[in-house]
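Below is one structure, written out as structure tokens; the observations come after it.
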Amino acid sequence: MSWLPLSFGAPMVLWGLIALPVIWWLLRLTPPRPQTEVFPPLKILARVLRREETPQQSPWWLTLLRLLLAALVIAALAEPVWNPREKLPTGGAALALVIDNDWAAAPDWDKRVATAERLVNDADQTGVPVVIAFTAEKPNAEIGPFDAAGALDKLRATKPRPIPTDRPAVFARVAEALKSLPGASVAVLADGLAAKDDEAAFRALLGENVGHVLWAVPDRIAAIGLTATENDVDGFRLTAIRAPGDPAPAQATAGAFDDKGRRIADATLTFGPGETVATGDMKVPFELRNDFSSVALDGERQAAAVRVLDENSKRRRVGLLSQTEADQAQPLLSPLYYIRRALSPFADLVEPSNADLADAIPQILDQKPAMIVMADIGTIPEQVRPRLTEWVENGGTLLRFAGARMAAASGDDDLLPVRLRTGERNLGGALSWTTPQPVAEFPKTGPFGDLTPPNEVTVSRQVLAEPAPDIVDRTWANLADGTPLVTGLKKGKGTLVLFHITPEATWSNLPISGSFVEMLRRIVQLSHNQGSIAAPAGQAAAAALAPYRMIDAGGTLVPPMPDARPLTPAANAPVTLENPPGLYGSEAGVVAHNLLAADATFAPLARPAFSVPVTDVRYAFDEQQHLKGPLVAAALALLLFDTLAVFWMGGVFARRRRAAAVTTAALALVGLCLFGAVDPVRADDSKPGDDAAIAAVEKTRLAYVLTGVPGDDSISRAGLEGLTRFLVEKTALEPGEPAGVDIDKDELAFYPLIYWPIDPAAPMPDQTAIARIDAYMKQGGTVLFDTRDQYSTGLDAGSSSPATERLRDILANLNVPPLEPVPADHVLTKSFYILPEFPGRFNGSPLWVEASLDASNADNRPVRTGDGVTPIMITANDFAGAWAVDANGDPLLPTVPPDPEQRVYALRAGVNIVMYMLTGNYKSDQVHVPILLERLGQ
């Protein structure tokens with residue numbers, strides 16, 4: 001029957017079930033009854049003595065038990081299999097396994113290994129050798145043929161790599177190995193993503209020596225990768241891609257991390273229906289963005305979801321140009337003097353060696369700057385104008401300052417944001433009716449919108465823009481009379497900016513003000529470096545950079561791998577096994593080498609045209625279960641029961657009845673004594689809530705405060721459930737289910753530890769609740785406050801997070817003892833595990849406890865603090881978030897950074913806290929053991 005998920009390895013054995021009636025008949029067969037001879041002198045004794053009788057037939061239930069035992073043995077010998085899988089065709093001269101172990105295979109690598117193991121086991125049953133090759137390993141790696149054991153060893157020893165596949169080279173080696181194995185079966189376990197030269201690679205693999213193909217690709221390509229990061233003026237922009245063909249919208253969150261792994265900022269990227277590209281912004285200050293070391297997508301356990309950053313995402317290269325010779329005797333009159341002073345703190349300045357613009361502009365462009373500053377350059381030479389225009393359209397920022405030369409030149413210049421009038425405007429001169437003009441409020445739509453206009457700045461001369469309908473949109477700063485001071489225009493991917501004054505203090509005192517520095521800083525933030533600088537012709541290539549931090553296949557920054565080699569910086573350096581993605585260089589400076597290029601896309605793997613039979617295979621774990629073992633165990637259990645039944649029927653246990661009766665009487669007597677000691681008058685004196693109290697004290701239970709915020713309460717309960725599971729697995733303690741307590745109503749004395757997550761959105765406890773908490777702490781209980789904000793626990797005066805402020809309000813009404821971070825020799829560090837720190841979902845905040853009595857003397861701490869425990873603990877590492885698990889025992893929330901070891905240490909920290917609460921300072925008392933042993937010896 002095909003609908004039954006059951007099969008048999010030896011179905012012919014089931015014919016033995018026909019013998020069950022014969023077995024039944026044999027079990028029913030009894031020997032003839034013996035003939036009785038009466039001896040008269042013993043007739044009286046015959047009436048007195050009990051006669052031994054042989055039963056005529058066995059009881060029906062014993063017969064049924066033995067028939068069931070025989071049926072179980074027959075069924076076990078037939079080797080039944082529950083939920084059997086279909087045996088895959090692995091015949092021919094050999095089985096060739098070609099497996100993609102690139103970055104895209106990392107998230108479900110275990111499932112791919114399980115699928116490959118099934119194929120190898122099927123090949124072992126048919127007795128064919130196995131050729132096994134991986135597309136992200138070295139092309140000269142050993143591929144076999146292996147026997148089944150050798151193939152499984154190689155399969156289990158191989159891990160996914162954070163690099164793309166190299167199918168052409170690997171497929172060619174497999175095809176060469178199959179020339180001596182005609183008619184082999186080829187199993188292609190692909191990642192589902194297309195790669196370069198796939199068509200030629202599959203044509204070489206699936207040649208004339210292949211007899212059958214097994215094709216396995218994922219049901220859905222769910223990978224999301226980061227392709228670009230841009231440090232814009234108003235935020236840090238991320239670009240992510242996904243594979244086409246998914247009509248449903250999707251959302252991903254990303255985090256930015258510094259070089260110490262601390263999360264600094266977050267962004268959300270949203271894919272619309274059918275969209276393959278999504279962008280997101282991190283709205284953080286520019287100074288904080290310069291601390292970004294890497295960006296990663298949450299929940300994506302693969303290398304494409306991580307992007308490392310180098311100096312190209314931070315400081316900009318800025319080229320400086322001027323047609324005025326520098327006067328060494330009067331540097332303050334140099335048109336570039338104030339520009340250098342303003343830009344040098346946050347930009348790398350480059351200048352040409354030749355003052356001729358025809359040579360100077362190409363020299364600057366060869367340095368691939370993010371921005372070029374031109375001080376009073378009127379006319380740009382025609383021979384360099386096309387290249388300069390192309391540089392701007394590709395993303396460069398051209399910043400120009402007015403002056404006498406620009407005022408005399410033609411104002412119709414396509415490298416200016418506005419068209420200019422010829423000549424200059426003089427404000428406040430001897431022949432002028434006007435006075436120098438101050439700076440007006442900056443337009444909110446421009447990059448200076450959040451800056452305060454400088455009241456002390458005035459402008460006496462300027463070049464004027466021709467009136468135009470869009471002049472307002474192009475104006476970034478105005479004078480009080482409405483004339484433009486700074487104008488800007490997007491040109492292609494780049495930006496044109498013009499200051500309508502000179503960069504020195506002749507037309508205005510703006511260049512000597514602090515606002516000038518801030519304005520230039522904002523313009524620099526608009527720019528982007530155009531790439532790495534290539535070595536000039538005739539010079540040696542750039543020195544190779546040693547591996548510094550690598551991205552593994554799971555998307556984690558790790559130390560350099562053994563196969564990693566120094567990287568020679570280049571514009572399009574490929575990601576290979578020798579140069580995996582990551583950072584290259586040293587602490588003095590690094591270069592980012594990322595997996596995905598800015599123009600990368602995900603395309604599904606095209607299924608090749610097969611000329612041989614093809615079987616589709618799904619990636620899945622082996623769910624079939626062999627029932628032979630359970631059936632044999634059940635048969636042995638029935639055999640044991642049959643033996644006990646025979647002993648019982650034979651009277652073996654009859655002699656024990658008296659002893660059993662005595663034991664029963666003794667137990668009844670004890671029960672009567674116990675029940676007799678109870679006053680029947682008080683039998684109905686129970687009070688409401690007694691049942692809950694009895695249930696609370698039957699087992700040790702951890703408790704958490706019900707804050708009234710559903711998300712917080714569910715995470716707290718899931719966290720304590722996860723910690724309870726871990727305690728049961730790792731210790732002799734078996735706590736009961738966690739309890740949520742209402743500090744206004746519930747009795748708190750039943751619980752040794754109460755976990756209190758601080759949420760500013762939760763209602764502030766009233767004075768009655770605070771008083772109950774204070775009494776609980778005085779009576780020996782401990783409250784673990786968790787602000788979950790990762791940074792400060794609220795004990796430092798400079799902390800100002802909302803959770804910290806709420807904690808301070810709560811503690812203000814409690815009798816809080818002096819606190820200190822857990823010392824290195826505190827009992828908490830050794831109550832069960834040896835722990836140097838106490839991380840949670842975050843890592844970085846200390847765990848605060850009651851200060852030792854003699855904290856200044858390290859030798860006397862914490863032994864002399866008594867056997868009590870601290871009544872209060874404070875952390876900001878979100879313990880419950882790290883402990884929280886779902887019904888399957890899987891973590892609910894990721895750790896920050898996403899490190900599985902951090903979750904293990906968080907659970908160990910919870911074990912130490914619980915053991916410390918239940919046992920006190922017994923670990924510290926071990927220091928007295930040598931003295932006690934010495935006294936006992938005397």
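Any value given below was found using the heavy atoms of this structure, including those in side chains, with hydrogens, waters and symmetry copies removed. Keep in mind that what you see is a predicted model, and the values were worked out from it rather than measured.
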Mind checking side-chain hydrogen bond (donor to acceptor under 3.5 Å, both in side chains) for [X] and listing every partner two or more places apart, or none if nothing turns up?
X: Arg385; answer: Asp413, Asp414
X: Thr379; answer: none
X: Ser353; answer: Gln363

Non-neighbouring partners of [X] that pass ring pair (Phe, Tyr, Trp, His ring centres under 6.0 Å), sequence neighbours left out:
X: His500; answer: none
X: Phe271; answer: none
X: Phe842; answer: none

Atom pairs and distances, side-chain donor-acceptor, residues 508-519, under 3.5 Å, sequence neighbours left out:
unit_1 : atom_1 : unit_2 : atom_2 : d
Ser508 : OG     : Thr458 : O      : 2.8
Ser508 : OG     : Leu510 : N      : 3.1
Asn509 : OD1    : Thr458 : N      : 2.9
Asn509 : ND2    : Glu456 : O      : 3.0
Ser513 : OG     : Leu510 : O      : 2.7

Among residues at least two apart in sequence or on other chains, which ones pass salt bridge (charged side-chain N to carboxylate O under 4.0 Å, His left out) with [X]?
X: Asp259; result: none
X: Asp473; result: none
X: Arg549; result: none
X: Asp356; result: none

**Report entry** Expected output: side-chain Arg474 to main-chain Pro417 donor-acceptor under 3.5 Å
**Finding:** yes
Side-chain atoms of residues 300-309: list all donor-acceptor pairs with protein atoms under 3.5 Å, sequence neighbours left out, distances to 0.1 Å.
unit_1 : atom_1 : unit_2 : atom_2 : d
Glu300 : OE1    : Gln302 : NE2    : 3.0
Arg301 : NH2    : Pro107 : O      : 2.9
Gln302 : OE1    : Ala304 : N      : 2.8
Gln302 : OE1    : Ala305 : N      : 3.2
Gln302 : NE2    : Ile224 : O      : 2.8
Arg307 : NH1    : Leu226 : O      : 3.3
Arg307 : NH1    : Thr227 : O      : 3.4
Arg307 : NH1    : Leu596 : O      : 2.9
Arg307 : NH2    : Thr227 : O      : 3.1
Arg307 : NH2    : Leu596 : O      : 3.4

